Amino acid sequence: MKTPMKGSSRATRRAAMGLLGVALLWEGAARGLDLPAYVLPSVTRILQTIAEQRAVLLGAAGTTVMEAVAGFFAGSLAGLLLAIVLTMMPAVRRSVLPVATALNSVPVVAYAPLILLWFGMGPESKIVMVALAVGFTVFLHALAGLDRVDPRAVNLMRSFGADRAAILWRLRLPAAIPLTAAGMRVSTVRAMIVAIVTEMLGATGGLGWTIFQAVLQIDFVQVWAAIFVASAISLVFFGVVNLLEKRYVFWK
């Protein structure tokens with residue numbers, strides 16, 4: 001019988017083999033076709049650059065991770081709370097939901113100039129941007145989960161005298177947690193993307209700022225080095241949230 005742990009280990013091995021295969025093909029193409037660095041540097045050269053500039057890249061990565069993680073948790077909490085409030089207040093929901101949907105239809109990066117103007121070039125603006133991106137995703141997943149209850153179960157609890165709060169705590173929230181967790185898992189990558197893109201638009205540090213500065217200096221190997229570091233962090237972030245979801249959301 002295949003256990004979830006064995007299945008996860010097998011998926012991890014397959015993912016690692018896939019990444020290794022892509023790296024080998026990349027290395028062979030870059031060296032075999034003698035591609036210039038501004039077109040496609042070899043993997044070994046990118047890794048060498050990461051090793052040589054590890055202090056700079058680690059410092060930039062620390063800034064980006066702080067912004068992404070802080071915005072991720074703030075956005076997740078705000079999205080879940082908003083979904084709960086709108087579920088408990090149907091009249092308010094009918095007014096707020098169209099506005100939230102309209103705001104979510106616009107790419108969150110479009111708000112970056114305004115957020116940078118309001119919150120400055122520091123990490124605060126990046127945290128707000130990430131929180132907006134994550135909050136919308138978690139809000140929609142949580143709202144769908146809160147609505148995904150059997151009306152017969154709701155009527156049964158009401159027949160026993162349960163009020164809205166009891167129905168929310170004992171029925172709606174357990175039903176919503178799997179979808180909310182899925183929204184949080186999907187948002188991990190989005191959090192890193194939004195943090196990096198916002199740093200490229202205006203910042204004093206971070207991987208996005210490093211990429212932007214490297215482009216200005218026509219140092220495309222460093223651009224790829226920063227991208228590699230960002231990709232590795234995104235994979236770790238996604239893996240941690242995915243592991244926590246499998247560990248604690250066991251009833252989905």
Side-chain angles (χ1 to χ4, degrees), residues 1-16 18 64-90 93 96-97 100-101 103-105 107-108 126-151 153-154 157 162 164-196 230-252:
M1 181 178 178
K2 185 174 73 172
T3 63
M5 187 62 69
K6 289 182 179 180
S8 178
S9 299
R10 182 175 299 178
T12 302
R13 288 196 298 270
R14 288 178 178 175
T64 302
V65 168
M66 181 274 295
E67 296 165 351
V69 172
F72 174 81
F73 283 110
S76 297
L77 180 60
L80 178 59
L81 290 178
L82 180 59
I84 291 173
V85 169
L86 295 188
T87 300
M88 298 290 289
M89 304 174 67
R93 174 175 177 167
V96 173
L97 190 57
T101 303
L103 291 174
N104 190 43
S105 65
V108 70
K126 286 70 181 177
I127 293 173
V128 171
M129 283 293 296
V130 173
L132 284 174
V134 173
F136 279 131
T137 303
V138 173
F139 164 70
L140 294 176
H141 280 76
L143 193 62
L146 289 167
D147 290 339
R148 198 180 62 174
V149 295
D150 191 338
V154 175
M157 291 191 66
R164 285 186 177 182
I167 293 173
L168 172 70
W169 180 253
R170 297 180 180 276
L171 185 62
R172 292 190 183 275
L173 277 179
I177 286 176
L179 267 180
T180 305
M184 292 175 66
R185 172 166 39 85
V186 172
S187 296
T188 54
V189 178
R190 195 177 187 190
M192 286 295 299
I193 292 173
V194 171
I196 290 172
S231 299
I233 293 171
S234 296
L235 287 174
V236 172
F237 194 7
F238 179 88
V240 170
V241 174
N242 186 50
L243 183 64
L244 291 174
E245 179 186 357
K246 290 181 177 180
R247 174 67 177 84
Y248 292 105
V249 189
F250 52 84
W251 64 90
K252 63 178 180 177

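Please read all numbers here as calculations on a predicted model, not as lab measurements.
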Look up atom NE2 in His141 and atom CG in Leu80, then write down how far apart they are to the nearest 0.5 Å.
13.0 Å

Is any side-chain heavy atom of Met66 less than 4.5 Å from a side-chain heavy atom of Ile127?
yes

Taking the side chain as every heavy atom from C-beta outward, state whether Thr188 and Met192 have any atom pair closer than 4.5 Å.
no

Heavy-atom pair with the smallest gap, counting every atom of Ala74 and Ala131
CB-CB, 4.3 Å

Result for side chain to side chain contact (heavy atoms under 4.5 Å, CB included) between Leu143 and one of Leu179, Thr87, Ile84 points to Thr87

Using the rule given for side-chain contact (heavy atoms from CB on, under 4.5 Å), can you reason through Glu245 versus Asn242, listing the C-alpha separation, both sets of side-chain angles and the distance that settles it, and then say yes or no?
CA-CA 5 Å; Glu245 179 186 357; Asn242 186 50; 4.0 Å; yes

Could you tell me whether the side chain of Met129 reaches within less than 4.5 Å of the side chain of Val108, counting heavy atoms only?
yes

Looking at side-chain heavy atoms only, is the closest gap between Leu168 and Leu146 below 4.5 Å?
yes

Look up atom CG in Leu173 and atom OG1 in Thr180, then write down how far apart they are to the nearest 0.5 Å.
8.0 Å

Could you tell me if the side chain of Leu97 sits less than 4.5 Å from the side chain of Phe139, heavy atoms only?
yes

Give the minimum heavy-atom separation between Arg93 and Leu86, together with the two atoms involved.
CB-O, 3.4 Å

Which pair of non-hydrogen atoms, one from Ala100 and one from Phe136, has the smallest distance, and what is that distance?
O-CE2, 3.9 Å

Without hydrogens or angle criteria, can the side chains of Thr137 and Arg190 be said to hold a donor-acceptor pair below 3.5 Å?
yes

Taking every heavy atom of Ala181 against every heavy atom of Val249, the minimum-distance pair comes out as CB-CG2, 4.1 Å

What's the shortest heavy-atom distance between Ala175 and Val149, and which atoms?
CB-CG1, 3.8 Å

Might you point out which heavy atoms bring Val138 and Ser187 nearest each other, and give the distance in Å?
CG2-OG, 4.2 Å

State whether the number of non-hydrogen atoms from other residues, nucleotides or ligands found under 6.0 Å of Phe238 atom CZ is greater than 12.
yes

